[in-house]
Amino acid sequence: MYKCNEYVYFCDMANYEEVFKKVVAHAKEYGFIFQSSELYDGLAAVYDYGPNGSELKNNIRNYWWKSMVNMNENIVGLDSSIFMHPTTWKASGHVDAFNDPLIDNKDSKKRYRADVLIEDYVAKIEGKIEKEVKKAIKRFGDSFDKEQFVGTNPRVLGYKSKCMSIMQRFSEAMAANKLDDVKTLIKELGIVCPVSGTKNWTDVRQFNLMFKTQMGSTADGASDLYLRPETAQGIFVNFLNVQKTARMKIPFGIAQTGKAFRNEIVARQFIFRMREFEQMEMQFFVRPGKEMKWYEHWKDSRMKWHLSLGIDKELFRFHDHDNLAHYANAACDIEFKFPFGFKELEGIHSRTDFDLKSHQKHSGRKVQYFDPEINESYIPYVVETSIGLDRMFLTILSNSYKEEKVNGENRLVLSIPALLAPVKAAVLPLTKKDGLPEKAREILSLLQCDFLCQYEEKDSIGKRYRRQDAIGTPYCITVDHQSLEDNTVTVRDRDTMAQERVAIDRLYTLVSKKVDFRNYL
RNA sequence: GCGGGAGUAGCUCAGCUGGCCAGAGCAUCAGCCUUCCAAGCUGAGGGUCGCGGGUUCGAAUCCCGUCUCCCGCUCCA
């Protein structure tokens, strides 16, 4: 297990926002994260990973992958494409469930779904019909024939046709993608904001979850595609391929990491909610009825994974979902206490057979598994673990950022778990003369095949230590004059700042042990 | 989309009652020092003051417009 040293937290809870700003500034200054397209004033909610950031991100991804694929013989990997057949997103529910027309009231600043406003309005008219019916019941008593009344009463007929024409206009406008007409309709109907009571509406805008693009080099021959909003569907669509070719038996899982794209209505909080982000997902296929057992298993297993990185367990919590999505029968999040509060880091969902069943229906192919144990074919149930790689990155980064007092001076250190640290060791000649640089470069060549190392000779040794602290390098290896005589160096530990005299031929083992996967999981 | 805040060197900022020609610290680079926990010495590079327009003899500084970022609200699989 990674051991957390006792750090003096420079900033307390009240300064959380300040800490967050510092983390963001630090991330830029030391080449972890840059605003996308900064040269052109930036692109909102998109970020780039710099030299240290891309290393850290790779290391997190690898740690996840090894934990999932290497350490579970019933989990295999997959790398499916970002482009998928458009029907995929029909089947998954993304096309229908997530493209709502939105409208804002300028006075109350409230946002509504335009279709809901119109439907509510129609519901009001339908309420009037009910009133007419009730009145008629009073008037006619037992001899009242509701169907006849509703079919002939001029006032009711008027209401009914009004409802129908409204809904028809609405669906025509939506079908033709004429959002102006939707707004016109809302205005004509005199719909007011329930909060402000005014008709001061903005234009209707379409909210599309998915990014649309075209495949095909010529515009007229092109077909519309989406950039995937989740990697999971690539796994589901390949369920049979993987199961058959890897000869997997249920229960088994398929793991995948990769980019996903979502048009968030608001995308903020640094890399927490981005429009382009990376997921690490594992879909675990089980026999129907066994899903709750596996759901509990993966909840437990995933929490252990997080704690294996040595982060304080008080900073994690489970959050069970009350309102389940259309595909789930149980769902929870693992939340992490980010500088801006507890937020979702990973989701663990029991997705039932919704996805595979839907793909079976839309493809017309049998998407099933024959279970020899019970001699039956069935559509497997799925338990999903889905973690945001970028969110995990932010977890590590914000948790690692420490400012401590050392002899009255501030020391800024990223206490990144050694396994994940971008640079594993820095090799530093105490001075740049007397053959020390040459000796240092020899040491560098001993290590650099297996560990990312840095060589530095500029500035005083203390300054170089602090620079390495700022990017979270676990070990600094310093070559001095004694090294030339007895082939030993000093190894300085990032967290304790303790120094140890070590023989050069022991360095490889020392660093290996420090960053060994075995220490963690 | 609305409301609030902000945009000056890689970073943190000063200058903003209009007029030393755009500054400081840190960082970067070269050299000196040869030093085991940063900020020693010398020198150098780097900024169309977000962008566009206007007022003025003259604007980073005033006015208008515009863009971008950050925070809050609305949405959230």
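Residue numbers start from 1 in every chain, and the chains themselves are labelled A, B, ... in the order their sequence lines are given, proteins ahead of strands. Just so you know, these numbers come straight off a predicted model, no measurement behind them.
- Each of A:Glu344 and A:Gln35 lies near RNA chain B, and the nucleotide nearest A:Gln35 is the one positioned closer to the 5' end.
- B:C70 and B:C11 are spaced 15 Å apart, taking the P atom of each and rounding to whole Å.
- One atom, CD of A:Glu29, and another, P of B:C26, lie 14 Å apart when rounded to the nearest Å.
- Atoms CD1 (A:Ile271) and P (B:C69) sit 17 Å apart, rounded to a whole Å.
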TODO: Show the numbers, then the answer: is there a ring pair (Phe, Tyr, Trp, His ring centres under 6.0 Å) between A:Phe338 and A:Phe272?
DONE: CA-CA 9 Å; A:Phe338 288 98; A:Phe272 182 80; 5.2 Å; yes
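- Atom pair A:Asn263:CG and B:C76:P shows a separation of 16 Å (rounding to whole Å applied).
- Applying the side-chain hydrogen bond (donor to acceptor under 3.5 Å, both in side chains) criterion to A:Gln482, with sequence neighbours excluded, gives A:Asp486.
- Base pairing of B:U35: no nucleotide in any strand meets the Watson-Crick or G-U wobble criterion (both distances under 3.5 Å).
- Taking atom C1' on both nucleotides, B:G15 is separated from B:A22 by 9 Å, rounded to a whole Å.
- Pairing for B:G3 is with B:C71, a Watson-Crick or G-U wobble pair whose two hydrogen-bonding atom distances lie under 3.5 Å.
- Nucleotides B:C37 and B:A44, compared at atom P, are 32 Å apart to the nearest Å.
- A:Lys343 has no carboxylate O lying under 4.0 Å from a charged side-chain N of A:Asp333, or vice versa, which leaves the two without a salt bridge.
- Taking atom NZ of A:Lys22 as the reference point, atom P of B:C26 lies 19 Å away to the nearest angstrom.
- Straight-line distance from the CD atom of A:Glu457 to the P atom of B:A38: 20 Å, rounded to whole Å.
- The partner of B:C57 is B:G19, judged by Watson-Crick or G-U wobble contacts that both fall below 3.5 Å.
- Between B:G46 and B:U68, the two C1' atoms lie 23 Å apart (nearest whole Å).
- Look at A:Glu384 and A:Arg351 and you find a salt bridge, because one of the NZ, NE, NH1 or NH2 atoms lies within 4.0 Å of a carboxylate O, short of that distance.
- Atom CZ of A:Arg467 is separated from atom P of B:G10 by 19 Å (rounded to the nearest Å).
- Summarising the geometry, the separation between OH on A:Tyr30 and C1' on B:U28 is reported as 12 Å, rounded to the nearest angstrom.
- B:G52 is paired with B:C64 under the Watson-Crick or G-U wobble criterion, all donor-acceptor distances under 3.5 Å.
- Across all strands shown, A:Glu230 has no heavy atoms under 4.0 Å from either base or sugar-phosphate atoms.
- Salt bridge A:Lys439/A:Asp434: absent, no basic N to carboxylate O contact under 4.0 Å.
- A:Leu428 comes within 4.0 angstrom of nothing in the nucleic acid, heavy atoms only.
- With salt bridges taken as basic N to acidic carboxylate O contacts below 4.0 Å, one links A:Lys514 and A:Asp493.
- Atom C1' of B:U17 sits at a distance of 44 Å from the matching atom of B:A30, rounded to the whole Å.
- Atom name P, nucleotides B:U8 and B:C51: the rounded distance is 10 Å, in whole Å.
- In this structure, B:G25 and B:C11 make a Watson-Crick or G-U wobble pair, each of the two defining distances being under 3.5 angstrom.
- Comparing B:G53 with B:C75, their C1' atoms are spaced 38 Å from each other, to the whole Å.
- No engagement by A:Phe261 is indicated, since no non-hydrogen atom pair under 4.0 Å with the nucleic acid exists.
- When the C1' atom is used for both B:C26 and B:A39, the distance is 8 Å, rounded to whole Å.
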- [ ] List the steps, then state whether side chain to side chain contact (heavy atoms under 4.5 Å, CB included) holds for A:Ile387 with A:Trp64.
- [x] CA-CA 10 Å; A:Ile387 175 171; A:Trp64 181 88; 3.7 Å; yes
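- By the 4.0 Å N-to-carboxylate-O rule, A:Lys28 lies close enough to A:Glu38 to be salt-bridged with it.
- Note on A:Arg262 versus A:Glu276: no salt bridge recorded, every NZ/NE/NH1/NH2 to OD/OE distance being 4.0 Å or above.
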Output a table of nitrogen or oxygen pairs between the protein and nucleotides 32-37 of chain B separated by less than 3.5 Å.
residue : atom : partner  : partner atom : Å
B:C33   : OP2  : A:Lys433 : NZ           : 3.3
B:U34   : O4   : A:Lys433 : NZ           : 3.4
B:C36   : O2   : A:Tyr465 : OH           : 2.9
B:C36   : O2   : A:Gln499 : NE2          : 2.2
B:C36   : N3   : A:Thr490 : OG1          : 2.9
B:C36   : N4   : A:Asp480 : OD2          : 2.3
B:C37   : O2'  : A:Arg466 : NH2          : 3.0
B:C37   : O2   : A:Arg492 : NH2          : 3.0
B:C37   : N3   : A:Arg492 : NE           : 2.8
B:C37   : N3   : A:Arg492 : NH2          : 3.2
B:C37   : N4   : A:Arg492 : NE           : 3.2
B:C37   : N4   : A:Met497 : O            : 2.4

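- Straight-line distance from the CG atom of A:Leu43 to the C1' atom of B:G50: 16 Å, rounded to whole Å.
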